[in-house]
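The next block holds one structure in the form of structure tokens; read it before the comments.
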Amino acid sequence: MAHPKTARIVRGTARQLAALAAALRRGEIVGVPTETVYGLAANALDAVACRKIFRAKGRPTTDPLIVHLPSAHDLAGVAVPNAAAYRLAAAFWPGPLTIVLPKRAVVPDIVSAGLPSVAVRVPAHPLFRRLLRLAEVPLAAPSANPFGYVSPTAAEHVRAGLGQKVRVILDGGPCAVGLESTIVDLRDPAKPRLLRPGAVTRAQLERVLGVKVGAPPRRPSARTAQLAPGMLTRHYSPRTPVVLHARLTPTLVRRGATDEAWLFLMKPRGLAAKTVHGLAPRGDLRGAARRLFGVLRTLDTAGYKRIHAELVPGDGLAAAINDRLRRAAAR
Ligand code: TXA
Ligand code: MG
């Protein structure tokens with residue numbers, strides 16, 4: 001072959017979905033839309049298929065995958081649920097919440113990176129849900145980006161990063177949430193712990209569970225590395241260095257160089273420079289979360305020497321946005 005083939009993007013007609021479900025059952029990998037970010041999916045019960053995910057992403061096998069189910073009724077098939085898990089499921093599924101529970105033996109070790117636990121989520125994206133039902137197997141799917149790069153929030157992002165590694169990408173439009181799911185460790189329901197902040201906030205989890213939810217591990221140690229695998233290394237990073245600021249001001253921008261980008265939550269009026277960007281016109285956090293990864297990708301390919309970004313005030317969704325900004329800035 002003269003040119004390596006690049007992935008086909010399909011819109012998900014009934015025939016296409018049936019073909020994708022069959023491909024997944026045969027052990028192939030497929031790019032899929034979710035409401036959080038695009039995923040790279042394989043049959044979660046097929047170790048050989050799941051190994052293809054790690055190979056395509058260049059992901060170390062120490063970093064476990066999230067298992068996606070069509071419904072909370074399927075939870076006990078892959079994990080050992082407790083009452084707290086069912087309470088969270090009733091409140092937030094389908095949706096951007098992943099729950100870590102003890103694993104059943106049917107889930108191969110490659111999926112959990114050898115851990116006795118498994119991370120499980122029921123996604124909300126209607127197209128992905130249809131595919132999950134047609135596939136009739138749980139689907140393991142990490143974000144569909146080369147390991148360490150910014151997560152994809154559009155089918156084109158998946159093709160840009162993994163177009164040579166995957167045959168088909170199901171296009172479900174731009175992701176409605178735009179940040180990876182919240183991950184909560186519920187192995188001990190008396191001591192839940194947030195492992196990754198996301199659109200479902202710690203306060204929301206605490207309200208439903210009626211107990212405090214522990215904070216995510218801050219400075220990863222050998223112990224927390226085991227607790228929150230995959231959180232150790234730098235993640236979600238553009239190639240362009242990112243510099244964080246508690247607050248960006250027009251003065252900072254005017255003093256800056258012309259080959260530096262400035263990423264505000266809200267682009268200030270009166271700053272017309274092409275290097276100035278805003279995440280959300282009216283400063284709404286949902287809009288900012290939805291646009292964050294796409295904007296980082298755009299700025300990353302625009303040839304800037306540095307990207308200056310403003311941390312977002314507040315907790316909840318702001319904490320999730322800041323978490324991704326900090327990871328993007330980590331070296
Ligand atoms: O929104 C999402 O969660 C997306 C979509 C595709 O569902 N998936 C996603 O997967 O973001 P990703 O690439 O972040 O990888 C899954 C992460 C791992 O890096 C790890 O931090 C955590 O989930 N994880 C998976 N299994 C775990 C386990 N048994 N214990 C603790 N953390 C686990
Ligand atoms: Mg990821």
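Being a predicted model, the structure only gives us computed values, none of them experimental. First listed ligand is number 1; within each ligand, the first listed atom is number 1. Basis for what follows: all heavy atoms, side chains included, without hydrogens, waters or symmetry-related copies.
- Distances below 4.0 Å separate heavy atoms of Glu180 from the following atoms of ligand 1: 1 (O), 11 (O).
- The residue among Leu40, Val67, Ile183, Asp185 with a heavy atom at the shortest distance from atom 22 (C) of ligand 1 is Ile183.
- Nearest-residue assignment for atom 13 (O) of ligand 1 (options Ser143, Ala144, Pro102; heavy-atom criterion): Ser143.
- Counting only N and O atoms by type, the side chains of Ser181 and Arg196 include a donor and acceptor under 3.5 Å apart.
- Proximity to Asp63 (heavy-atom distance under 4.0 Å) selects the following atoms of ligand 1: 18 (C), 19 (O), 20 (C).
- Comment: Arg187 engages Asp185 in a salt bridge, judged by a side-chain N to carboxylate O separation of less than 4.0 angstrom.
- Within the listing of ligand 1, atoms 30 (N), 31 (C) sit less than 4.0 angstrom from a heavy atom of Val100.
- The ligand atoms of ligand 1 that sit less than 4.0 angstrom from a heavy atom of Ile66 are 3 (O), 8 (N), 9 (C), 10 (O), 16 (C), 23 (O).
- Considering backbone and side-chain atoms together, Lys57 places no N or O closer than 3.5 Å to any N or O of ligand 1.
- The nearest N, O or S atom of Asn145 is not closer to the Mg ion (ligand 2) than 2.8 Å.
- The two residues Ile321 and Ala289 come nearest to each other via the heavy atoms CD1-N, 3.9 Å.
- Taking 4.0 Å as the cut-off, Ser112 does not count as a neighbour of ligand 1 on heavy-atom distance.
- By heavy-atom distance, the residue among Pro64, Pro152, Gly198, Ala119 lying nearest atom 17 (C) of ligand 1 is Pro64.
- Looking at residues two or more places apart in sequence or on another chain, you find no salt bridge (Lys or Arg N to Asp or Glu O under 4.0 Å) involving Lys57.
- Donor-acceptor pairing under 3.5 Å is recorded for the side chains of Tyr149 and Asp300.
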Would His68 and Phe128 count as a ring pair (Phe, Tyr, Trp, His ring centres under 6.0 Å) here? Give the steps.
CA-CA 10 Å; His68 299 75; Phe128 187 30; 5.4 Å; yes
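- Residue Arg25 places its CZ atom among more than 12 non-hydrogen atoms of other residues, nucleotides or ligands, all under 6.0 Å distant.
- Distances between N or O atoms of Arg59 and those of ligand 1 include at least one value under 3.5 Å.
- Distances from ligand 1 to the non-hydrogen atoms of Lys103 include no value under 4.0 Å.
- Using a cut-off of 4.0 Å between Lys/Arg side-chain N and Asp/Glu carboxylate O, Glu35 and Arg121 are scored as salt-bridged.
- Residue-ligand proximity, Arg196 to ligand 1, at heavy-atom distances under 4.0 Å covers atoms 2 (C), 3 (O), 9 (C), 11 (O), 12 (P), 14 (O).
- Residues Lys52 and Glu28 are not paired through a salt bridge, judged by the lack of any N-O separation under 4.0 Å between the basic side chain and the carboxylate.
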